[in-house]
> 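My questions all concern the structure below.
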Amino acid sequence: MAKIKLIPGAASDLMSSAPVAGLLAKLAGEVLGRAQATAPKRSGRYQSSLFVTTGQHGDRKVAIVGSNDPKALAVESRTGNLAKALGSR
């Protein structure tokens, strides 16, 4: 079995780097596009409420695809739209 030696701080530096942030933003944008394309369109409010936000969480960059529609939890529990958009890459 191969042994891995981690350099202290290197993983944190990598996970908070600009290239990782760019990659996360690109991937989150793709997930957002799929989620918008497959969102239920009864009123269009849920679909238009989908968004991407990026930031820092601890020592790493993060990207979040979400919705600010008050009924988003009900829509997601019924359709799994965001989960499917994430898993269909």
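Any value given below was found using the heavy atoms of this structure, including those in side chains, with hydrogens, waters and symmetry copies removed.
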> Drop me the distance from Glu76's CD to Lys84's NZ, to the nearest 0.5 angstrom.
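Separation between the atoms: 9.0 Å.
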> Are Leu86 and Val62 connected in a single hydrophobic cluster, I mean Ile/Leu/Val/Met/Phe/Trp/Tyr linked by side-chain heavy atoms less than 4.5 Å apart?
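Different clusters.
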> What is the distance from atom CZ of Arg34 to atom CG of Leu50, rounded to the nearest 0.5 Å?
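The distance works out to 13.0 Å.
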> Look at atom CZ of Arg78 and say whether more than 12 heavy atoms of other residues, nucleotides or ligands are closer to it than 6.0 Å.
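Counting neighbours around CZ of Arg78, more than 12 heavy atoms of other residues, nucleotides or ligands fall under 6.0 Å, so yes.
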> Output all residues satisfying side chain to side chain donor-acceptor pair (under 3.5 Å) with Thr38, sequence neighbours left out; order by chain, then residue number.
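Counting only residues at least two positions away or on another chain, Thr38 forms a side chain to side chain donor-acceptor pair (under 3.5 Å) with Asn81.
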> Identify, with sequence neighbours excluded, every residue that meets side chain to side chain contact (heavy atoms under 4.5 Å, CB included) alongside Ser16.
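With neighbours one apart ignored, the set is Gln56.
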> Could you measure the distance from the NZ atom of Lys71 to the OG atom of Ser77? Nearest 0.5 Å is fine.
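Separation between the atoms: 12.5 Å.
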> Do you know which two heavy atoms are closest between Ser67 and Phe51, and how far apart they sit?
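Answer, listing the atom of Ser67 first, then Phe51: N-CE2, 3.3 Å.
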> Could you check if a side-chain atom of Leu14 sits within less than 4.5 angstrom of a side-chain atom of Val20, using non-hydrogen atoms only?
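Side-chain contact under 4.5 Å: yes.
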> Looking at every non-hydrogen atom in both residues, tell me the closest pair between Pro40 and Val75 and how far apart they are.
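Scanning both residues, the minimum pair turns out to be CG-CG1, 3.8 Å.
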> Do Leu82 and Val65 make a side-chain contact, defined as non-hydrogen atoms from C-beta onward lying under 4.5 Å apart?
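Leu82 vs Val65: side chains touch.
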> Could you report the tightest heavy-atom contact between Ala63 and Ala28, atom names first, then the distance?
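Reported closest heavy-atom pair: CB-CB, 3.7 Å.
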> How would you list all residue pairs meeting salt bridge (Lys or Arg N to Asp or Glu O under 4.0 Å) that involve residues 56-70, not counting sequence neighbours?
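Output for this query lists Arg45-Asp69.
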> To the nearest 0.5 Å, what is the distance between CG (Leu27) and CG (Leu32)?
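Spacing of CG (Leu27) from CG (Leu32) equals 12.5 Å.
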